[in-house]
Amino acid sequence: MGEFGIGQPVKRFEDKRLLSGNGRFQNDNNLLGQAHAYVLRSSHAHARILKLDLAAASAAPGVALILTGDDLVEAKLGAMGVPFQRKRPDGSPMFARAHLGLAQGTVRYVGEPIALVVAETLAQAKDAAELIDIDFEALQSVTDTADAAEGRIAVWPDCPDNISNLFEAGNKAAADAAFATAAHVVKRRYVISRVYAHFMEPRGAIGVWDPGEDRFTLYADVQYPHRVRQALATRIFKIPESKIRVIAGDVGGGFGTKGWQYPEHRLVLLAARKLRRPVKWTCERSEAIQADEHARDNVSEAELALDQDGTFLGLRVKTLANVGAYISSERNLLATFGNVGTLVGTYDIPAAYVGVYAVMANTNGTAPYRGAGRPEATYVIERLIDDAARELGFDRVELRSKNLIPPEKLPVKTALGLNYDCGDFPANQKKALEQADWAGFPKRRDEAKARGRLRGIGIANPIEKAAGPGQEFAEIRFHPSGNATLLMGSKNQGQGHETTFKQVLNEKLGLDPNVVQYIDGDTDRVAFGIGTNGSRSTVIGGSALWMAADKVIAKGKRIAAHLLEAADADIEFTDGNFAVAGTDRRISITDVAKASFQAARLPRDLEGGLYETGTFSPEDNTYPNGCHVCEVEIDPDTGALEIVRYVVIDDVGTVVNPIGLKGQIHGGVAQGLGQALMEEVVYDRESGQNLTGSFMDYAMPRADSMPYMEITSNPVPTKRNPLGAKGAGEAGTVGALPAIVNAVIDALAPLGVKSLDMPATPQRIWQAMRDARH
Ligand code: MCN
């Protein structure tokens, strides 16, 4: 509808506030009388704590309180824990140990929290932490995923092989049978590096306790305020949910990894209760990579079975997924298990079997991070197809075309159990090839060669499951003067929710977005919410809003009928007006809303007021898909790489905001590019120290690392929600990882390079070229 409806390129309403320095991020919160907290963290990857003497630290100037693991036990705090069971490979129950919040006698990764020191100033808290007298007995550590899976060094004595559990998907017997008859089998090992989100705003929290109400308030930059409240109440403090309020203001990036319940939340709340004053903790940049969950870190052995002509017959994948030293909650298992389904990609693979081994190591836990398993899965299948093409002499585009699921075969249940509903995968690929001028590539490669450059091109056909079943909430609250407040259960972290949802509201009710107030992120103001992850907000939150708007229209019709002296059934609602069908008698939604607050203007049997809610849960996932083509040039002397062209065709169903969508794809590709080319969390194999603790060692992509991107939508709306939308927030990352690495290997293939693990840094590229020559 008009300039603000669904599909319009509306500029973000929130940007005026954010770009003029008027955002309210976590660290902008300061409360009267607050004390400051500092977390003392383990400097050892694995050690027994022999002595923890607080005497000198407690006597230091300004110190108000020091909490250790014993205080959490004494306060009878619970741990998060995993609410489901899985089995280990031998059939015994899953091994999982949750972190209580502060170390309990042994530390198992560098950065593990040991004590919370609270003082009048942050400097005093830091000084006092240095006075904590602590003796460690160092133990052997293991941080590398494959090393840990060998089980020579145990993270936990009760789990000597470090295997927490095995998750299986697909049909092993069917896959084995397919491999038995195959003309060709191509087998490869792919390493998917460990990365860390590095949000613009490191995490933070302020804990408040109100002695009058015996009630906590937590200010924290979390992605799921309501779920954090529920977890703190039911799992940690074991108090009624009504005794906790969680407030998240502007969140400076979340990317999945800021997600849920971090130990510092319970620590500042407990400290606030003990001290009867607010306690503030802000993570520092160099602390963040030690304090936060990381992501990815898999080793996959993948096998593709093909017949003589290149038709795919089967897929087998064994993945070692590093989950870290603790499995504190289901989050630490989600990325590894949740999305193995997309390993078959957009291809017709009749038989598949996947086994994911959750491996424990002396590292930070891993958790969902933009794509949460789907970039890993897509990387494996798309690289495997390229490797199969190279090994067997097929053209990689023809091999893909031959095996893509055609639209007429949809809906289909894949061999890994997902129900793909709609999309046009061959059309995505065709459009991408045209847009990227794939046919003209050989000429460009020759021209680059003449300039002394290696040029390569890569392709990937990503698909992911997004916006899966699970509820989301919306409320439209009209005021007596006729305008409205919109309250949403999913929490924005930079995706532009205010704009997106105001567009949906405008489309349905015609309300002017400039006068609609937008609220999210406060559990006392918003009735319910699950939160922003799995690219679910537009689809599920938007559909909840759609439902709430339908209820507004239904009630509005009754009020309008009364005011216009017509039958309810004769009232039509279009463009923000209720009208008697076939006449020019009409009343605007604003006037109907005003009337709803005036008892004398309402039918006797109608309840007053106009505030409606919607709670939506889809029956099944949406499957955003597309095609990425990446073209690179490499300097053979230095290994330096430049992305010279990047094309994305995306299908996210109905596009709500084309600018917002492009921004999301752009950001997603940036995160995929970062992992493919430069980012990596590196641990020292001997000591277990994190060697990438600052931006001097951990390479983040910068503006000049990014290519210009040509992003075009090829929408096939889904019937699984009233908007026809599919999730979009992670799509860019899912496609970027394989498209970029495939392009790099294509550039190097003429030199005999067959494989390269990410990140494809200049050093690694140079080394691969050198190894291939010798
Ligand atoms: N959109 C659209 N049409 C669709 C779907 C989405 O126009 N059919 C646009 C809208 O502008 C919408 C945005 O894309 O606001 C993202 O929508 P959606 O796919 O619903 O994703 P969510 O809002 O649920 O965001 C979650 C997703 C995830 S899981 C990660 S991780 C991620 C991401 O979003 N983290 C982000 N994008 C991020 N962007 C920023 N700036 N910061 C993060 O932390």
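Ligands are counted one by one from 1 in listed order, and the atoms in each one are counted from 1 as well. Hydrogens, waters and symmetry mates play no part in the numbers below; they use all other heavy atoms, side chains included. If you read the sequence from its start, that first residue is 1, and numbering goes on from there.
Shown here are the ring pair (Phe, Tyr, Trp, His ring centres under 6.0 Å) partners of His198, two or more places apart in sequence or in another chain: Tyr196, Phe695, Tyr698.
When Gly256, Gly494, Pro717 are ranked by how near their heavy atoms come to atom 40 (C) of ligand 1, first place goes to Gly494. Looking at Thr500, Thr538, Val539, it is Thr500 that brings a heavy atom closest to atom 11 (O) of ligand 1. Considering Thr257, Asp651, Leu661, Thr654 only, the shortest heavy-atom separation from atom 4 (C) of ligand 1 involves Thr654.
Residue contacts with ligand 1 do not include Gly667, since none of its heavy atoms lies under 4.0 Å from the ligand. Residue Gly727 places a heavy atom under 4.0 Å from ligand 1.
Residue contact check: Arg536 has heavy atoms under 4.0 Å from atoms 24 (O) of ligand 1. For ligand 1, the atoms lying closer than 4.0 Å to a non-hydrogen atom of Gly660 are 11 (O).
Residue Asn533 touches ligand 1 through its backbone alone, judged by heavy-atom distances below 4.0 Å.
Judged by a 6.0 Å distance limit and a 45° cone about the ring axis, Lys491 is not positioned over the six-membered ring of Tyr224.
Sorted by first and then second residue, the pairs that involve residues 498-528 and meet ring pair (Phe, Tyr, Trp, His ring centres under 6.0 Å), not counting sequence neighbours, are His497-Phe501.
Side-chain atoms of Ser537 and Thr532 form a donor-acceptor pair, as typed in the model, at a separation below 3.5 Å.
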